[in-house]
Structure formats: C-alpha cells, structure tokens
Amino acid sequence: MSTVRRAAVALAAVTVSAVALTACGPTGDDAAGGAGKPTASPTKSTAPPKPTPPPASPSAKPSGGSEGSSSDPDHAVFPCSTFDVTFSADLAESTTSSYLLKITNKSGKACKVLGHPVVTFGALDGQATERGEAPGIEDAIRLEPGRSAYAGLMGGANDGTGRTVHSIAMTMNTESDLEQTPLTASTPGLYVSPARNSVTAWVNNAEDALSL
C-alpha cells in the first residue's frame, strides 16, 4: 500500500471517531450548565385547615328560643275562678253564726287560689270585709285537681241592727276582669250586721280558717 493511501485511511478513522464522540457528549446547554426543563412536578398549594368551632356552652340558650319560657312549675298556672271549683258553706259556730267555706278544684289542671273570697249575702247590698292579710301571688296556694282550700266567714250576734239571710254567693279573686258566675251555698240563719261580717283569706286547712 502506498504512503498516500495509508494516510487517507488513517484520516478517515480519526474523523469517524470524532463524530462518534460528538454524538455521545453533552449538549451545549448541559455542558454550559444551562437550565433545562424541570423534571420535578410543581408543588400543589393547599389551603390551611378551617378551625373547628368550640362546643356550645351547656348553659347557652338556643338561638331563636322563646324568651317567655320558664322552668318554674307555676309559670303556666292561672288563678282559680268559679269555673274551676265547687263551693260549699258549713255552719261552724252557731252562737256567732260563723261558717266554714270550702272550695274544691274540679278542673283537670292546677290553679292558684288568690287572696280572699268575695262573699255577698243573699239580696243584700255589699260584701264581707276582708279579715287578715293574704299571701302574695308568688306564695298563693297551688290547688291541684281534687284538692281543697278553706276560708272562715264570721257572722254576728243578732243585735237587731242587721238582717238574717239564708244563702250567700261567692266569686274568686282572679286579679283580672274575668266575668265569673257566682257560686251559691245555703246558710240558714246567717245574721248579717253592718261591719261585723268578715272573711279570711284562703288557707290549706279548715282549722286555720276558723282560727284566724
């Protein structure tokens, strides 16, 4: 082989090697440290967790609740009227013509017995005066169905200044303008004298009613 041919073969081999090295080497950007496409996926932004509301206080009132409600058991108990009770009068002392008045709750619910009974005498004008003080409405007797309350009606000796009646009528104190139907009871020989006939407030037992 001639010297020229051997030189041409050698040159061709060097050229092929150079091309192979160029194909396998890094790109210009990688070699220079340039930024390529990021390989990591971007971090997703997450909203902070919503705070958990504190538990409601046991004593807090529910929203929209009625302000008129009450845990007081007497809150919805109304005053007794003649529509709620039966009425009777029994002679307790003949010399003084005193009578024991009794009411009994005939309704199916409790009611409050307020103050003194309002007692009138037959066809006579006027009414018995109130004797003693009555408890306030907060301390009034709570009369359950079938239970009774009592009051004492003081008569008077026949001194010739009054009149004898044989019946009385009674209405209840309701502290309202409620129109009631009077309840009547027989009172044979009850002597009515001016300013002497008086009645006690309602109480829980007959003994107290006649001793006041």
Side-chain angles (χ1 to χ4, degrees), residues 70-122 124-159 162-212:
S70 173
S71 59
D72 182 1
D74 287 340
H75 178 71
V77 178
F78 295 96
C80 301
S81 73
T82 57
F83 302 108
D84 302 310
V85 300
T86 60
F87 173 62
S88 64
D90 296 307
L91 183 63
E93 175 58 56
S94 58
T95 57
T96 59
S97 194
S98 297
Y99 280 80
L100 176 66
L101 309 184
K102 176 183 176 181
I103 55 171
T104 301
N105 187 349
K106 68 176 183 179
S107 72
K109 62 185 184 302
C111 60
K112 282 188 175 183
V113 182
L114 304 183
H116 298 71
V118 180
V119 179
T120 56
F121 304 99
L124 300 181
D125 293 332
Q127 63 188 52
T129 59
E130 296 179 353
R131 185 164 77 251
E133 294 184 358
I137 189 171
E138 297 298 328
D139 300 316
I141 298 171
R142 179 188 173 103
L143 200 63
E144 300 291 343
R147 300 303 296 270
S148 299
Y150 306 86
L153 176 64
M154 179 68 70
N158 189 341
D159 57 3
R163 292 179 59 181
T164 299
V165 297
H166 302 290
S167 67
I168 59 174
M170 187 276 302
T171 55
M172 301 292 295
N173 178 2
T174 62
E175 294 192 353
S176 71
D177 57 359
L178 174 68
E179 292 187 9
Q180 303 176 65
T181 300
L183 301 179
T184 59
S186 177
T187 55
L190 174 61
Y191 190 76
V192 181
S193 59
R196 288 194 179 182
N197 300 95
S198 60
V199 65
T200 69
W202 294 110
V203 292
N204 282 314
N205 61 80
E207 184 177 355
D208 288 346
L210 295 173
S211 63
L212 294 175

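Bear in mind the structure is a predicted one, so any value in this text is a computation, not a measurement. Residue numbers start at 1 and run along the sequence shown.
Summarising the geometry of Cys80 relative to Thr174, their closest heavy-atom pair is O-CG2, 3.4 Å, with the distance given to 0.1 Å. The nearest pair of heavy atoms linking Pro117 to Trp202 is CB-CZ2, 3.3 Å. Residues Leu210 and Ala92 approach most closely at CD2-CB, 3.7 Å, considering heavy atoms. Shortest non-hydrogen contact noted between Asp84 and Pro79 is OD2-O, 3.9 Å. Closest of all the heavy-atom pairs between Gln180 and Thr82 is OE1-N, 3.0 Å. The nearest pair of heavy atoms linking Phe83 to Glu179 is CE1-O, 3.4 Å.
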**OP:** Decide side chain to side chain contact (heavy atoms under 4.5 Å, CB included) for Val119 and Thr171; before the verdict, give the C-alpha distance in whole Å, the side-chain angles of both, and the deciding distance to 0.1 Å.
**Re:** CA-CA 7 Å; Val119 179; Thr171 55; over 6 Å; no

**OP:** May I have the step-by-step check of side chain to side chain contact (heavy atoms under 4.5 Å, CB included) for Tyr150 and Asn204, ending in yes or no?
**Re:** CA-CA 6 Å; Tyr150 306 86; Asn204 282 314; over 6 Å; no

**OP:** Applying side chain to side chain contact (heavy atoms under 4.5 Å, CB included), run through Ile103 and Thr86 and close with a yes or a no.
**Re:** CA-CA 5 Å; Ile103 55 171; Thr86 60; over 6 Å; no

**OP:** Decide yes or no on side chain to side chain contact (heavy atoms under 4.5 Å, CB included) for Leu124 and Arg163, but give the supporting numbers first.
**Re:** CA-CA 9 Å; Leu124 300 181; Arg163 292 179 59 181; 3.3 Å; yes

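Counting heavy atoms from C-beta outward, Ile168 and Leu190 have side chains that approach closer than 4.5 Å. Using a 4.5 Å heavy-atom threshold, the side chains of Glu175 and Leu114 count as touching. Side-chain contact between Met154 and Val199: absent, with no pair of heavy atoms (C-beta onward) separated by less than 4.5 Å.
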For a quick test of your reading: what N or O donor-acceptor pairs under 3.5 Å do the side chains of residues 129-137 make, sequence neighbours left out?
{"from": "Thr129", "atom 1": "OG1", "to": "Asn197", "atom 2": "O", "distance (Å)": "3.3"}
{"from": "Arg131", "atom 1": "NE", "to": "Leu212", "atom 2": "O", "distance (Å)": "3.3"}
{"from": "Arg131", "atom 1": "NH1", "to": "Ser198", "atom 2": "O", "distance (Å)": "3.3"}
{"from": "Arg131", "atom 1": "NH1", "to": "Ser198", "atom 2": "OG", "distance (Å)": "2.5"}
{"from": "Arg131", "atom 1": "NH2", "to": "Leu212", "atom 2": "O", "distance (Å)": "3.4"}

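Formation of a donor-acceptor pair under 3.5 Å by the Ser211 side chain with backbone atoms of Asp208 is found in this model. Counting only distance, with no hydrogens or angles, the side chain of Thr187 and the backbone of Ser167 share a donor-acceptor pair below 3.5 Å. Side-chain atoms of Asn105 come within 3.5 Å of backbone atoms of Leu143 as a donor-acceptor pair (strictly under, hydrogens ignored).
There is a side-chain donor-acceptor pair under 3.5 Å between Ser148 and Thr104.
Environment of CD in Glu207: sparse, with no more than 12 heavy atoms of neighbouring residues, nucleotides or ligands closer than 6.0 Å.
Applying the salt bridge (Lys or Arg N to Asp or Glu O under 4.0 Å) criterion to Asp159, with sequence neighbours excluded, gives Arg196.
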